[in-house]
Amino acid sequence: MDFGIKFGTPEKQRGACAVVGIFESRKMTESAKVLDKITQGHIKNILTSGDIDGKVNTSLLLHNVPGTQFKRILLIGLGKEQEFNEKIFLAVINSTLNALHKTAVADVMLFLSDFPNKVRTNDWKISQTVIATISSIYRFDQLKSKPENNQSKLRKILFCIDTQEELIACEQAMQQSLAIAHGMNLTKDLGNLAPNICTPTYLATQAKDLAKTYKLKASILDEKDMEKLGMGSLLSVARGSEQPAKLIVLEYYGLGKKEHPIVLVGKGVTFDTGGISLKPAAEMDEMKFDMSGAGSVLGTMLAVAELRLPINLVAIIPATENMPSGNATKPGDVVTSMSGQTIEILNTDAEGRLILCDALTYAERYNPKIVIDIATLTGACVIALGNLTTGLMSNDDKLAQELLEAGEQAADRAWQLPLWDEYQDLLKSNFADIANIGGRTAGTITAACFLSRFTKKYRWAHLDIAGTAWKSGKDKGASGRPVPLLTQFLIAQSRASS
Ligand code: BES
Ligand code: MN
Ligand code: ZN
């Protein structure tokens with residue numbers, strides 16, 4: 001897919017297809033008026049016919065419109081002009097893409113002045129369109145015997161802007177969103193892969209490939225290395241599995257090596273059966289997505305490396321399966337984490353925190369400026385926030401705020417939950433320093449409380465992506481989130497530090 005930015009007004013342009021907005025009811029945008037004029041009222045005639053009145057999610061494809069240099073014109077409903085907002089913009093872009101994918105159109109021009117500027121600037125509109133376009137042509141057919149024959153013909157989108165001052169910001173937004181989309185595609189592929197293929201070893205190979213392509217440093221620690229480091233908590237999750245666990249580390253240096261890095265830690269449970277605390281059978285297949293935190297860390301690393309952002313970034317991925325077996329950890333087992341704290345494992349299905357805690361302790365050796373962990377950690381988060389919003393908890397309110405803003409900017413939103421000390425009591429154990437579960441209440445917060453016991457030495461935030469990393473139902477599949485939020489955050493960090 002190609003994107004480009006052009007400067008100028010519609011009458012001077014040519015191409016296979018122009019997309020032109022219509023407000024409700026039958027109100028022409030500026031670009032529609034210009035095209036109407038050079039076509040001697042053709043568009044107005046169509047509007048009078050009543051075939052399109054401007055409602056959102058409607059469109060009308062016109063062929064051979066006399067007097068223009070476009071082969072086709074796609075009229076697209078924008079809804080009521082006063083009500084136009086971000087949400088409607090995104091809906092309009094999706095309905096435009098749907099309409100275009102049904103045609104044989106290969107290249108298309110969008111006039112950004114059609115979309116009222118009151119909410120967002122053109123660079124934002126370009127970012128969102130680039131990401132939506134690449135998402136709309138994403139297919140995961142590598143495991144089908146024959147590729148599906150439903151590929152779109154769309155190859156190029158040109159954005160037409162009308163003031164030259166915006167050009168630099170728009171071009172930068174285009175580059176950044178392309179990198180985000182590439183990162184999301186990697187994250188989606190890893191999430192969608194079957195769990196017999198996407199094992200901890202496979203994730204390690206993917207990380208090494210990424211390192212080769214982008215000249216990163218990759219280190220893969222195996223179970224022996226982890227034993228030497230005292231990662232008894234991580235290893236307790238891997239005990240039931242035939243697949244060896246891996247601790248995957250990638251290092252990217254966009255600044256001198258002395259600069260403190262930002263560390264991303266991603267939960268890489270390549271399949272979560274629950275272990276001895278076995279999950280019910282229904283929809284257990286979806287637990288192949290339990291490595292989505294790891295996938296999003298790799299996707300973000302790709303985006304950052306592609307953009308050569310001036311930051312230092314370290315990715316740490318604890319990767320394992322969570323399986324039941326004669327060797328598996330049992331409820332009641334007590335293990336010793338790398339930090340020295342002992343943990344009573346009351347439920348083997350609360351395994352994410354058990355692997356993350358050792359990875360978070362390992363992160364200390366990088367003297368990190370900031371550590372962010374990303375994990376499909378709790379079903380409770382899905383209950384609290386649904387599939388729209390990522391749960392955010394942090395020991396640093398400024399960091400939390402910066403992440404919330406990045407999510408807002410990237411249309412990949414998070415919402416903060418409290419991490420007050422009072423919640424810590426729920427993790428009391430009679431037999432060890434800490435239990436791995438709280439009670440039935442506040443499950444997302446108690447999971448973060450558990451992690452917070454291991455993050456006292458640095459500024460830290462936790463993203464619970466249990467609801468946002470994938471979609472279930474008919475559109476079952478990985479979403480590529482929160483690569484946009486994370487990359488946006490890192491772009492903002494790179495600006496702040498340069
Ligand atoms: N991977 C799951 C969390 C999850 C559940 C993600 C549903 C997406 C959808 C995690 O390992 C888990 O099993 N958590 C338990 C914790 C509980 C035992 C305290 C949960 O949420 O039920
Ligand atoms: Mn689990
Ligand atoms: Zn899990």
Above 12 or not: heavy atoms from other molecules or residues under 6.0 Å from [atom1] of [X]?
X      : atom1 : value
Lys476 : NZ    : yes
Glu283 : CD    : no
Lys71  : NZ    : no
Arg72  : CZ    : yes

[Y] and [X] aromatic ring geometry - parallel, tilted or perpendicular at 30°/60° bounds:
X      : Y      : result
Phe454 : Phe450 : tilted
Phe70  : Phe111 : perpendicular
Phe84  : Phe23  : perpendicular

Report yes if some heavy atom in the side chain of [X] is under 4.5 Å from a heavy atom in the side chain of [Y]; otherwise report no.
X      : Y      : result
Leu264 : Met301 : no
Thr121 : Glu166 : no
Phe89  : Arg120 : no
Phe489 : Ile372 : yes
Leu278 : Met284 : yes
Val108 : Thr96  : no
Leu35  : Met28  : no
Leu307 : Leu490 : no

side-chain hydrogen bond (donor to acceptor under 3.5 Å, both in side chains) partners of Tyr138, counting only residues at least two apart: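 Partners of Tyr138 by the side-chain hydrogen bond (donor to acceptor under 3.5 Å, both in side chains) criterion, ordered by chain and then number, come out as Asp189, Asn192.
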Return the set of residues passing side-chain hydrogen bond (donor to acceptor under 3.5 Å, both in side chains) with Gln13 (not counting sequence neighbours), or none when no residue passes.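 Gln13: side-chain hydrogen bond (donor to acceptor under 3.5 Å, both in side chains) contacts with Lys6.
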Tell me the closest heavy-atom pair linking [X] and [Y], and the distance in Å.
X      : Y      : answer
Pro195 : Glu321 : O-OE2, 4.4 Å
Asp114 : Val19  : OD2-O, 4.0 Å
Cys449 : Leu419 : N-CD1, 3.9 Å
Thr103 : Ala99  : CG2-O, 3.4 Å
Asp412 : Pro482 : OD2-CA, 3.1 Å
Val371 : Ala363 : CG2-CB, 4.4 Å

Lys267 with Asp373: basic N within carboxylate O range, under 4.0 Å: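 No, Lys267 and Asp373 are not salt-bridged.
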Using a strict 4.0 Å threshold on nitrogen-to-oxygen distance, state whether Glu148 and Arg139 make a salt bridge.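 No, no charged N to carboxylate O under 4.0 Å.
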Hey, does the side chain of [X] reach the backbone of [Y] with a donor-acceptor pair shorter than 3.5 angstrom?
X      : Y      : result
Asp51  : Ile46  : no
Ser296 : Val483 : no
Asp123 : Ala169 : no
Ser31  : Pro10  : no
Ser479 : Ala469 : yes
Asn395 : Trp460 : yes
Asp290 : Asp272 : no
Tyr214 : Val304 : no
Ser233 : Ile355 : no
Thr329 : Ser236 : yes

Starting at [atom1] of [X], measure out to [atom2] of [Y] and round the result to the nearest 0.5 Å.
X      : Y      : atom1 : atom2 : value
Ile220 : Lys208 : CD1   : NZ    : 5.5 Å
Arg239 : Asn322 : CZ    : CG    : 13.0 Å
Leu399 : Gln493 : CG    : CD    : 7.5 Å
Arg26  : Ile52  : CZ    : CD1   : 11.0 Å

Less than 3.5 Å apart, any donor N or O on the side chain of [X] or [Y] sitting next to an acceptor on the other?
X      : Y      : value
Thr468 : Thr390 : yes
Ser277 : Asp349 : no
Thr199 : Thr270 : no

Please step through side-chain contact (heavy atoms from CB on, under 4.5 Å) for the pair Gln243 and Met323, ending with a clear verdict. CA-CA 10 Å; Gln243 292 290 337; Met323 300 290 281; over 6 Å; no
Should Phe3 and Ile134 be marked as a side-chain contact (heavy atoms from CB on, under 4.5 Å) after you check the CA-CA gap, both sets of side-chain angles, and the distance that decides it? CA-CA 11 Å; Phe3 298 91; Ile134 294 184; 4.0 Å; yes
Could you check Thr378 against Thr444 for side chain to side chain donor-acceptor pair (under 3.5 Å), going step by step and ending with a plain yes or no? CA-CA 6 Å; Thr378 64; Thr444 303; 2.9 Å; yes
Checking side-chain contact (heavy atoms from CB on, under 4.5 Å) for the pair Leu417/His462: CA distance, chi angles, key distance, verdict? CA-CA 10 Å; Leu417 300 175; His462 159 62; over 6 Å; no
Sole residue of Val263, Leu247, Leu234 in side-chain contact (heavy atoms from CB on, under 4.5 Å) with Tyr362: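 Looking at Val263, Leu247, Leu234, the match for Tyr362 under the side-chain contact (heavy atoms from CB on, under 4.5 Å) is Leu247.
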Determine whether Leu485 and Leu403 satisfy the following criterion, side-chain contact (heavy atoms from CB on, under 4.5 Å), listing intermediate values before the conclusion. CA-CA 7 Å; Leu485 180 159; Leu403 283 161; 3.8 Å; yes
